[in-house]
Each structure stands twice: as C-alpha cells, then as structure tokens.
Enquirer: 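My structure is below; once you've seen it, I'll send some questions.
The chain is numbered in sequence order, starting from 1. No hydrogens, no waters, no symmetry mates; every other heavy atom, side chains included, goes into these values.
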Amino acid sequence: MAHLNSHYLKLKAGYLFPEITRRVKAFTDANPDAAKRLIRCGIGDVTEPLPAAVREAMHKAVDELGSREGFRGYGPEQGYEFIRKAIAENDYRAKGLEVADDEIFVSDGSKCDCANILDILGDKNRIAVMDPVYPVYVDTNVMAGHTGAADDDGVYGGLVYLPCTAENGFMPDVPDEKVDIVYLCSPNNPTGAVATRERLENWVAYALKNDAILLYDAAYEAYITEPGIPHSIYEIPGARQCAIEFRSFSKNGGFTGTRCAFTVLPKDITARTSDGDRKPLHPLWNRRFSTKFNGVSYVTQRAAEALYSPAGKAEVAALVLHYMGNAKILREAVSGSGLTVFGGVNAPYIWVRGPQGKTSWEIFDHVLNEANVVITPGSGFGNAGEGYFRISAFNSRANAEEAARRLAALKWS
Ligand code: MLT
C-alpha cells in the first residue's frame with residue numbers, strides 16, 4: 001500500500017479562508033435575503049479592475065504570441081530578463097539598494113514562494129513565526145514535517161511563536177533563544193502593523209549573530225504611507241547576507257487573479273550543509289525553479305512589467321489610494337463605535353480588539369448575522385489573535401462605506 005504524507009494529518013481544521021467561505025455559504029443558503037446584502041471584508045482580495053496599462057500590455061503580448069515571429073513557447077523558468085530587470089531596477093537599484101537582475105525570481109504568487117522556499121532549507125532548523133501569523137507559514141512547515149503535533153490550542157510543537165501584542169506594537173523583537181529561520185511580515189497580515197527601521201536592524205543583527213535566515217514577506221509594501229518605514233529589508237545594512245524577500249503584484253497591481261510575484265534571493269546568503277560546510281542558497285533556488293516550475297506566462301510577465309511604466313505606476317498609486325481611503329473610512333467607523341483599532345494606516349487591514357469576553361468566532365458570527373458583513377476572526381491567525389478580528393479594506397468605495405455604517409451601528413450586547 002502506498003503511504004501518504006502523515007504530516008498533513010497534523011493540520012488543524014481547514015485553511016482559514018476556505019473555512020470562512022464554508023461558514024458564509026451555510027449562512028447565505030439559510031438566509032437568502034441577508035445574502036443579497038452581504039458585504040465581504042474577509043479575505044484580502046482586490047476588487048478594482050486591472051489597470052489600463054496592464055490590459056494594454058496583455059493585449060499586445062497576446063497578439064505577439066499570435067504571430068509566427070512573436071510566438072514563444074517555454075520561457076526562462078526564473079522569469080524573462082525584461083521583468084527581472086524592471087523589478088531590480090525600479091524596486092531596488094533606483095532606491096540605492098544593491099539587487100542584481102538574476103537575484104529576482106518571478107513566480108505565480110508569494111503564498112507559493114513562502115511555501116516553496118522550504119524545499120531548499122533543511123529539516124533541522126528551529127523556526128520562529130509571529131503570532132498572529134499568516135497561516136501559510138505555519139501550515140507549510142507542518143506539511144514539510146518541521147513541527148510536532150498541535151496541542152488543544154492549535155500550537156504546534158517545535159515552532160517558536162513570537163507573540164505580537166498591543167504592547168509590542170504587534171511587531172516582535174528578537175527572542176532570547178537561538179532560532180535558524182524567522183518569518184517576518186511587514187506591513188503585517190493580519191495586524192496591519194509595520195516594522196520600524198530600528199526593529200529591523202535588531203532582526204538583521206540577530207540573524208547575522210545567530211547565523212539565521214529571515215524570510216521577509218513584503219507583499220503589502222506598496223501600502224506604506226508613513227515616512228521612515230523601510231519598504232525593503234535590504235534597506236538594512238547586512239540584510240543581503242541573511243534575508244530573503246518576498247514581494248507580490250497581487251495587492252498593488254490587482255493581480256490576485258492574474259498571478260505574479262517574485263522572490264529576491266541575494267547571492268551572499270549561505271547556509272550550512274550537513275557536513276558543516278557553508279554553501280550559497282542562490283544556486284539551489286535557481287535549480288528548484290528549473291526543475292519544478294516552467295515560469296509565469298509571457299502575457300502575465302508583460303502585464304507585470306507594465307506596472308513599472310509611468311502610466312502603470314500612476315494607476316498603482318491610484319489603486320493604493322483607493323483602498324487606503326476605504327481603510328480610513330472603516331477604521332474611523334469602528335473606532336467611533338468604541339472598539340480599539342490598529343493597523344489600516346500602512347496596510348489595507350484593520351485589526352480590531354473585539355468586545356471583552358467574546359471569542360473571535362463569536363464575533364465573526366455576530367457580525368455576519370447582524371450586519372451581514374464578513375470579517376476574518378483573529379484567532380484564525382493564531383492564539384494571540386483570539387478576541388480580535390480583521391477587516392479587509394479591499395472593496396469598492398460604496399461597499400466600504402456601507403460596511404462602515406453597519407459596523408458602526410452594530411450592538412454588541
Ligand atoms: C488574506 O486575506 O490574508 C490574503 O488574501 C491571503 C493571501 O494573500 O494569500
């Protein structure tokens with residue numbers, strides 16, 4: 001008999017967002033009238049149309065592929081030179097950060113990259129995650145067999161959880177103990193918090209001292225509005241030796257359905273072999289791409305490249321402004337109702353401390369039943385999220401305003 005990967009059996013419940021979808025469907029099936037009023041502020045999925053610059057680039061690329069001269073089959077697995085260069089140039093070198101074109105690896109999503117990176121890391125690493133945490137970091141480590149079983153609270157043995165609380169601004173400082181891999185996410189999903197330069201300097205110093213690697217998820221970088229907040233981990237001296245950065249076009253260019261993202265893996269990063277030698281990770285990641293991936297479609301890469309044109313940049317700025325306008329409306333409405341809100345200033349997520357004594361899923365049900373608004377229960381992101389809920393600002397303005405009105409009017413007892 002064939003054997004399955006028994007690590008999957010350790011996973012708790014379903015993945016958060018399908019679980020929310022399941023509960024919402026049960027509610028809308030039972031309440032068809034309420035279903036018509038439903039406003040989704042749960043999963044962080046963009047709502048606004050693709051930028052014109054992107055659509056034009058896609059049409060052009062499709063036409064190219066329709067001619068004998070312009071047709072392309074397999075492309076370079078790591079991404080076409082034109083997009084690797086556009087990314088390295090615009091997101092890094094134009095800002096004085098040293099990143100070479102061939103340190104950019106173009107993929108179909110940051111979620112996949114955050115999971116796939118485990119392929120090139122060993123299985124003896126001590127891994128730290130923020131709590132609350134984007135569930136992908138935890139679940140993929142469970143799947144890879146890097147953890148023990150979960151206890152009754154859903155805490156996996158072997159993982160180091162770094163509590164993110166109102167007291168530490170939802171951004172943990174370095175731990176006292178030694179870990180090998182640390183997932184950091186800033187702007188943070190789910191709390192909307194951002195890491196200050198000083199906090200990141202501490203993390204880079206910690207990583208260099210402890211020979212650790214930082215997995216830095218900056219998928220929401222475009223939403224940083226306050227000056228002085230680092231947009232890239234490579235703004236911190238020494239990060240090229242210890243940090244891998246993940247970025248995405250999902251939330252800035254509206255690519256959640258179109259699919260395109262990238263990893264920056266500097267050639268300076270090394271890790272240990274089982275013999276104790278030191279080897280660079282870049283060739284391993286390169287090899288992984290060549291072996292397990294055939295690249296993002298040409299049309300999509302041309303679409304992503306268009307986000308760096310002057311017209312594309314202006315449209316991205318307008319999209320970010322739109323969603324951050326929603327964030328302000330939602331944030332003010334919920335704060336005005338007497339609840340304590342965090343985030344929503346440098347991120348499209350508002351993190352709300354629920355009324356005393358209510359669990360996150362109780363809040364989820366209450367908001368769904370009474371306001372017909374879908375939010376995300378904080379506990380779905382980890383134990384430290386219990387009692388909180390997350391509101392996504394990805395919506396039309398009309399929906400954000402209506403959701404704000406309903407949330408402000410909600411009675412909690
Ligand atoms: C979220 O709602 O947390 C995001 O949509 C998840 C993701 O980007 O995968």
Side-chain angles (χ1 to χ4, degrees), residues 5 7-8 11 14-19 21 43-46 74-80 83-84 87 91 102-123 125 127 129-130 133-147 181-190 213-222 233 243-266 269 281-301 303-305 307 381 394:
N5 178 349
H7 300 304
Y8 275 63
L11 291 165
Y15 182 61
L16 176 62
F17 295 105
E19 174 63 17
T21 307
I43 191 164
D45 193 3
V46 293
Y74 292 124
E77 297 88 353
Q78 300 77 359
Y80 282 99
I83 181 76
R84 297 177 91 184
I87 294 168
D91 284 332
D102 63 356
E103 291 175 327
I104 304 288
F105 292 82
V106 180
S107 76
D108 59 344
S110 281
K111 173 169 157 180
C112 325
D113 287 339
C114 290
N116 291 334
I117 198 74
L118 296 179
D119 271 11
I120 64 163
L121 299 170
D123 55 8
N125 292 312
I127 293 161
V129 293
M130 298 165 74
V133 59
Y134 178 43
V136 173
Y137 312 150
V138 171
D139 287 2
T140 55
N141 274 289
V142 176
M143 291 169 175
H146 295 168
T147 72
I181 308 285
V182 184
Y183 289 83
L184 293 176
C185 177
S186 174
N188 189 261
N189 179 11
I213 290 175
L214 306 178
L215 300 178
Y216 192 73
D217 185 348
Y220 298 90
E221 166 276 331
I233 189 72
I244 298 172
E245 182 160 292
F246 301 95
R247 292 256 193 124
S248 170
F249 298 110
S250 282
K251 312 292 159 94
N252 60 356
F255 273 41
T256 52
T258 306
R259 309 304 312 149
C260 198
F262 63 92
T263 312
V264 186
L265 207 154
I269 299 188
L281 284 178
H282 186 276
L284 275 65
W285 192 230
N286 198 48
R287 181 63 206 264
R288 190 205 173 277
F289 262 70
S290 323
T291 306
K292 292 198 176 182
F293 191 49
N294 269 329
V296 175
S297 79
Y298 175 68
V299 175
T300 302
Q301 293 190 56
E305 181 194 28
L307 292 170
F381 298 101
F394 290 113

Enquirer: Look up atom CE in M130 and atom CG in D217, then write down how far apart they are to the nearest 0.5 Å.
Expert: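 With rounding to 0.5 Å, CE (M130) is 10.0 Å from CG (D217).
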Enquirer: Report yes if some heavy atom in the side chain of I117 is under 4.5 Å from a heavy atom in the side chain of T140; otherwise report no.
Expert: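 In short, these two side chains do not touch, never coming nearer than 4.5 Å.
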Enquirer: Shortest non-hydrogen contact from C114 to Y137?
Expert: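 The pair with the smallest heavy-atom distance is SG-CE2, 3.8 Å.
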Enquirer: Hey, does the side chain of Q301 reach the backbone of Y80 with a donor-acceptor pair shorter than 3.5 angstrom?
Expert: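 Judged by distance alone, yes, a pair lies under 3.5 Å.
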Enquirer: So, taking the atom named CG in L184 and the one named CG in L214, what distance separates them when rounded to the nearest 0.5 Å?
Expert: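 If we round to the nearest 0.5 Å, L184:CG and L214:CG are 5.5 Å apart.
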Enquirer: Mark yes or no for whether S186, through its side chain, and N188, through its backbone, hold a donor-acceptor pair below 3.5 Å.
Expert: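 It does not hold such a pair.
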Enquirer: Does NZ or CZ of R84 fall inside the cone over F105's six-membered ring, less than 6.0 Å from its centre and within 45° of the axis?
Expert: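 Yes.
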Enquirer: Between E245 and I233, is there a donor-acceptor pair closer than 3.5 Å when you use the side chain of the first and the backbone of the second?
Expert: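 At least one qualifying donor-acceptor pair exists.
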Enquirer: Taking it one step at a time, do Y74 and N294 satisfy side-chain contact (heavy atoms from CB on, under 4.5 Å)?
Expert: CA-CA 7 Å; Y74 292 124; N294 269 329; 3.7 Å; yes
Enquirer: For the atom pair CD (E221) and OG (S248), what is the distance rounded to the nearest 0.5 Å?
Expert: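 Atom-to-atom, E221:CD and S248:OG are 11.0 Å apart.
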Enquirer: Could you tell me whether the side chain of K251 and the main chain of G44 form a donor-acceptor pair under 3.5 Å?
Expert: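 Answer holds: yes.
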Enquirer: Once rounded to the nearest 0.5 Å, what's the spacing between atom CD1 of I244 and atom CG of L215?
Expert: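 Reported to 0.5 Å precision, the distance equals 5.5 Å.
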Enquirer: Taking N116 for its side chain and C112 for its backbone only, find out whether a donor-acceptor pair lies under 3.5 Å.
Expert: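 Such a contact is found between N116 side chain and C112 backbone.
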Enquirer: Identify the two heavy atoms, one from D108 and one from V296, that lie closest to each other, and give their separation to 0.1 Å.
Expert: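 Closest approach of D108 to V296, heavy atoms only: N-CG2, 3.8 Å.
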Enquirer: On a heavy-atom basis, which atom in P266 and which in V264 lie closest, and how many Å separate them?
Expert: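 Minimum heavy-atom separation between P266 and V264: CD-O, 3.5 Å.
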Enquirer: Partners of E77 by salt bridge (charged side-chain N to carboxylate O under 4.0 Å, His left out), sequence neighbours excluded?
Expert: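 If we apply the salt bridge (charged side-chain N to carboxylate O under 4.0 Å, His left out) test to E77, skipping adjacent residues, there are no hits.
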Enquirer: Measuring from D113:CG to R247:CZ, what's the distance to the nearest 0.5 Å?
Expert: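 So the CG of D113 and the CZ of R247 are separated by 13.0 Å.
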Enquirer: Can you see which heavy atom on V106 is nearest to which on C260, and at what distance?
Expert: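 Scanning both residues completely, I find the closest heavy atoms to be CG1-SG, 3.7 Å.
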Enquirer: Show the nearest heavy-atom pair for residues T300 and S297, with the distance to one decimal.
Expert: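 Scanning both residues completely, I find the closest heavy atoms to be OG1-OG, 2.8 Å.
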Enquirer: Quick one: are S250 and R259 in side-chain contact, heavy atoms under 4.5 Å?
Expert: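 Yes, side chains in contact.
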Enquirer: Among F255, F289, F249, find the one that has a ring pair (Phe, Tyr, Trp, His ring centres under 6.0 Å) with F262.
Expert: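 It is F249, the one option of F255, F289, F249 that forms the ring pair (Phe, Tyr, Trp, His ring centres under 6.0 Å) with F262.
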Enquirer: Using the side chain to side chain donor-acceptor pair (under 3.5 Å) criterion, which residues pair with S110? Sequence neighbours excluded.
Expert: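 Counting only residues at least two positions away or on another chain, S110 forms no side chain to side chain donor-acceptor pair (under 3.5 Å).
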Enquirer: Please tell me if the side chains of Y134 and K111 come closer than 4.5 Å, counting only heavy atoms from C-beta onward.
Expert: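 Y134 vs K111: side chains touch.
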Enquirer: Minimum heavy-atom separation for M143 and H7, please, with both atom names.
Expert: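 Smallest interatomic distance, heavy atoms only, reads O-CB, 3.6 Å.
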Enquirer: Looking only at atom types and distance, does a side-chain atom of N125 sit under 3.5 Å from a main-chain N or O of I127, one as donor and one as acceptor?
Expert: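 Side chain of N125 to backbone of I127: no pair is present.
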Enquirer: Only counting residues at least two apart or in another chain, list the ones meeting salt bridge (charged side-chain N to carboxylate O under 4.0 Å, His left out) with R288.
Expert: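 For R288, the residues satisfying salt bridge (charged side-chain N to carboxylate O under 4.0 Å, His left out) (neighbours in sequence not counted) are D119.
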Enquirer: Please list, chain by chain and in numerical order, all residues satisfying salt bridge (charged side-chain N to carboxylate O under 4.0 Å, His left out) with D102, sequence neighbours excluded.
Expert: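 If we apply the salt bridge (charged side-chain N to carboxylate O under 4.0 Å, His left out) test to D102, skipping adjacent residues, the hits are K267.
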Enquirer: How many angstroms lie between atom OG1 of T256 and atom CG of D45, to the nearest 0.5 angstrom?
Expert: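 If I round to the nearest 0.5 Å, the distance is 3.5 Å.
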Enquirer: List in chain and number order the residues that pass side chain to side chain donor-acceptor pair (under 3.5 Å) with Y183, two or more places apart in sequence or in another chain; answer none if no residue qualifies.
Expert: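 Counting only residues at least two positions away or on another chain, Y183 forms a side chain to side chain donor-acceptor pair (under 3.5 Å) with N141.
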Enquirer: Side-chain contact test, heavy atoms from C-beta onward, threshold under 4.5 Å: evaluate it for H146 versus D123 and give yes or no.
Expert: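 SC-SC contact between H146 and D123 confirmed.
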Enquirer: What residues, two or more places apart in sequence or in another chain, satisfy ring-ring contact (aromatic ring centres under 6.0 Å, His included) together with F381?
Expert: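 So F381 forms no ring-ring contact (aromatic ring centres under 6.0 Å, His included) with any residue.
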